[in-house]
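Here is the naming used below: chain letters follow the sequence lines, and residue numbers restart at 1 for every chain.
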Protein chains: 2
Amino acid sequence: MPAKPVATPSFRPLYEQIRILLTQSLVAGEWKPGEAIPSETDLAERFRVSQGTVRKAIDELASEHILVRRQGKGTFVASHSEPAYQYRFLRVLPDSGEKLTPQNRFLEVKKARASGEAAKALGLKAGTPTLIIKRLMLFQSKPVVLDEIVLAASTCPGATVARLESFRGSMYSFYETVYGLRMIRAEERVRAIEADTFAAEQLAVARGSPILCVDRIAYTYGDKPVEWRRGLCVTSGFSYTNELS
Amino acid sequence: MPAKPVATPSFRPLYEQIRILLTQSLVAGEWKPGEAIPSETDLAERFRVSQGTVRKAIDELASEHILVRRQGKGTFVASHSEPAYQYRFLRVLPDSGEKLTPQNRFLEVKKARASGEAAKALGLKAGTPTLIIKRLMLFQSKPVVLDEIVLAASTCPGATVARLESFRGSMYSFYETVYGLRMIRAEERVRAIEADTFAAEQLAVARGSPILCVDRIAYTYGDKPVEWRRGLCVTSGFSYTNELS
DNA sequence: GAGTGGTCTAGACCACCCC
DNA sequence: GGGTGGTCTAGACCACTCT
């Protein structure tokens with residue numbers, strides 16, 4: 001049965017509409033990270049369109065790493081908890097090219113009132129309760145990145161050093177597993193600065209040494225900013241890597 | 001007429017084969033940057049496959065920014081010379097968010113024998129003749145990036161300061177226009193370093209100031225490395241920006 | 001073998017661009 | 001109006017995974 005594009009005010013292709021419906025189901029938690037979504041034929045039937053149209057919608061979501069296709073098995077909700085995607089947003093890597101997985105050491109978790117850059121980036125009113133997490137990331141016991149992570153306190157209630165420390169995996173895996181909050185994309189700005197006393201101490205470099213300052217805003221569904229972080233990063237033996245295309 | 005996938009030893013989808021054929025035509029210069037390639041129906045006829053299969057092959061090349069689709073007009077070979085793509089690989093941008101186009105000031109163009117990092121990155125034997133270009137990139141007359149660019153001398157014969165200076169546009173636009181050499185993608189590694197005397201002078205900062213060191217390898221068709229460059233970059237008012245997804 | 005995603009086709013029609 | 005890319009369908013068959 002040929003489904004006509006219904007009520008298209010300024011023309012939205014059908015597959016776009018399907019993509020939006022799928023996204024809504026994801027936001028609503030109908031399918032959770034790691035789970036399979038219904039088969040293409042099932043979805044085609046549900047939305048009363050052809051399988052090819054569902055396919056195109058899924059193609060788009062897969063290209064954004066929101067869904068993952070696995071031939072012969074099904075289509076799954078992407079997850080930061082899967083080993084291959086664990087540190088998908090981490091751009092700081094050893095120059096050697098080795099695939100090392102970093103260790104995390106949490107220094108501090110505290111509450112504070114929103115202010116400054118973080119609040120602005122997250123669209124929070126000044127004074128909103130926030131959570132600030134300070135963390136050291138190590139590769140083979142060498143400290144490489146000193147992170148300050150800021151979120152609205154309401155986003156992640158009950159986070160403590162102990163809980164974070166006992167969790168194995170990335171922050172995004174943590175948010176996902178504990179709060180059902182999935183990060184879709186992020187923006188970064190990198191600058192060169194001098195290490196201050198605290199950073200120098202933590203990163204085991206001389207005070208005043210040149211280090212990278214990596215500011216990041218991470219977004220969940222609907223381009224909603226959720227996490228701001230500033231990473232201070234040593235670049236001897238490590239560098240910030242990027243693919244341009 | 002249904003075309004069967006011919007002689008597929010370890011199964012290559014038809015559209016992959018078409019993609020390879022299209023790429024070969026691009027490498028051979030059958031269609032030049034900025035030009036239109038034949039219509040989908042023409043190509044379908046030429047390769048004796050359906051239009052949908054050609055379409056999928058073109059989709060892939062378009063997603064890699066090798067081709068550009070324009071509805072109602074045709075499909076075109078992407079070009080670094082087009083305004084929108086002029087500085088596609090430039091990640092250093094003003095914090096203000098303004099869309100400024102940089103000016104180039106060429107300091108030196110010299111010949112040298114391949115050695116060190118550049119030679120290794122480009123896969124050149126030590127001693128191969130190379131060209132080294134030193135350039136300052138300015139935004140609104142403020143010096144921001146000091147580049148050292150290395151290529152095999154055979155790649156770009158006859159390049160001089162005068163010729164580069166008189167050319168309006170990016171290096172990649174230059175290679176493309178003058179030598180028919182199109183850059184497809186690049187890899188970058190960013191580190192924080194202290195400005196040496198020369199860099200400090202050129203970038204108008206104090207000697208020893210923290211600056212970014214951005215190493216890049218740029219590739220043409222077939223992942224062939226063609227250009228190595230090191231950009232030393234001031235990050236006051238500017239930063240290296242990146243999208244993660 | 002049953003179920004899933006992946007490929008390919010053929011044909012219809014739509015949106016956009018330019019003459 | 002004629003050409004181009006863009007959408008959508010319906011159906012056939014292939015490749016992969018698991019049972």
Side-chain angles (χ1 to χ4, degrees), chain A residues 1-22 31 34-78 82 84, chain B residues 1-22 31 34-78 82 84:
Chain A
M1 58 193 68
K4 299 278 172 287
V6 281
T8 47
S10 62
F11 186 61
R12 275 264 189 67
L14 244 188
Y15 69 82
E16 278 289 344
Q17 302 179 36
I18 306 295
R19 187 179 62 73
I20 291 168
L21 291 173
L22 289 173
W31 315 300
E35 288 180 10
I37 70 171
S39 74
E40 294 180 354
T41 40
D42 285 358
L43 289 170
E45 201 172 321
R46 183 207 286 204
F47 298 129
R48 317 195 110 262
V49 297
S50 78
Q51 188 244 21
T53 301
V54 168
R55 187 167 182 75
K56 178 136 187 173
I58 293 178
D59 275 346
E60 288 207 343
L61 293 171
S63 78
E64 298 171 62
H65 303 112
I66 291 174
L67 296 176
V68 178
R69 297 169 165 295
R70 287 193 209 134
Q71 183 168 165
K73 297 172 83 171
T75 302
F76 298 77
V77 183
E82 286 159 47
Chain B
M1 60 191 68
K4 298 277 171 289
V6 281
T8 48
S10 62
F11 186 61
R12 274 266 189 65
L14 245 189
Y15 69 82
E16 278 289 343
Q17 303 178 35
I18 306 295
R19 188 180 61 74
I20 292 168
L21 290 172
L22 289 173
W31 314 301
E35 288 180 10
I37 70 171
S39 73
E40 294 180 354
T41 40
D42 284 358
L43 289 170
E45 200 172 321
R46 183 208 284 204
F47 298 129
R48 317 196 111 262
V49 298
S50 78
Q51 188 246 19
T53 300
V54 168
R55 186 168 182 75
K56 178 135 188 174
I58 292 177
D59 275 346
E60 288 207 341
L61 294 171
S63 78
E64 297 171 64
H65 304 112
I66 292 174
L67 295 177
V68 179
R69 297 170 165 292
R70 288 193 208 133
Q71 182 168 162
K73 297 172 82 172
T75 302
F76 298 77
V77 183
E82 286 160 45

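- Take Glu60(B) and apply the salt bridge (charged side-chain N to carboxylate O under 4.0 Å, His left out) test, not counting sequence neighbours, and it matches Arg19(B).
- With a 4.5 Å cut-off on side-chain heavy atoms, Ile20(B) and Arg12(B) count as touching.
- In this structure, Glu40(A) atom CD and dT9(D) atom C1' are separated by 15 Å, rounded to whole Å.
- For the residue pair Ala78(B) and His65(B), the shortest heavy atom distance occurs at CB-O, 3.3 Å.
- Every residue two or more places apart in sequence or in another chain was checked for a salt bridge (charged side-chain N to carboxylate O under 4.0 Å, His left out) with Glu35(A), and none qualifies.
- Phe11(A) places its CZ atom 16 Å from the P atom of dC13(C), with the value rounded to the nearest Å.
- Contact annotation: Thr53(A) side-chain N/O to dT9(D) OP1/OP2 distance is under 4.0 Å.
- Closest to the Ser39(A) side chain, of the nucleotides dC8(C), dC8(D), dT4(C), is dT4(C).
- For the pair Asp42(A) CG and dG5(C) C1', the computed distance is 13 Å after rounding to whole Å.
- Regarding Gln51(B), its CD atom lies at a distance of 12 Å from the C1' atom of dC8(D), rounded to whole Å.
- Computed from coordinates, the Glu45(A) CD to dG3(C) P distance equals 14 Å when rounded to whole Å.
- Atom CG of Leu43(B) is separated from atom P of dC8(C) by 16 Å (rounded to the nearest Å).
- Closest contact between the side chain of Ser50(B) and the listed nucleotides dG5(D), dG5(C), dC8(C) involves dC8(C).
- Listed pair Tyr15(A) / dC8(D) fails the phosphate criterion, with no side-chain N or O lying under 4.0 Å from OP1 or OP2.
- Side chain of Glu40(B) to backbone of Val54(B): no donor-acceptor contact under 3.5 angstrom is found.
- Two residues, Lys73(B) and Lys73(A), neighbour DNA chain D, and the one matched to the more 5' nucleotide by heavy-atom proximity is Lys73(B).
- If you measure from atom CG of Leu14(B) to atom P of dG6(C), you get 17 Å, rounded to the nearest angstrom.
- Base engagement by Gln71(B) is indicated by at least one non-hydrogen atom pair under 4.0 Å involving a base atom.
- Put simply, CD1 on Ile37(A) is 12 Å from P on dT4(C), counting in whole angstrom units.
- Within residues 58-70 of chain B, the residues approached by DNA chain D to less than 4.0 Å at the level of any non-hydrogen atom are Arg69(B), Arg70(B), in residue-number order.
- Counting heavy atoms from C-beta on, the side chains of Leu61(A) and Thr75(A) never come closer than 4.5 Å.
- Side-chain contact between Ile58(B) and Leu43(B): present, with at least one pair of heavy atoms (C-beta onward) separated by less than 4.5 Å.
- The side chain of Lys56(A) places an N or O atom within less than 4.0 Å of a non-bridging phosphate oxygen (OP1 or OP2) of dT7(D).
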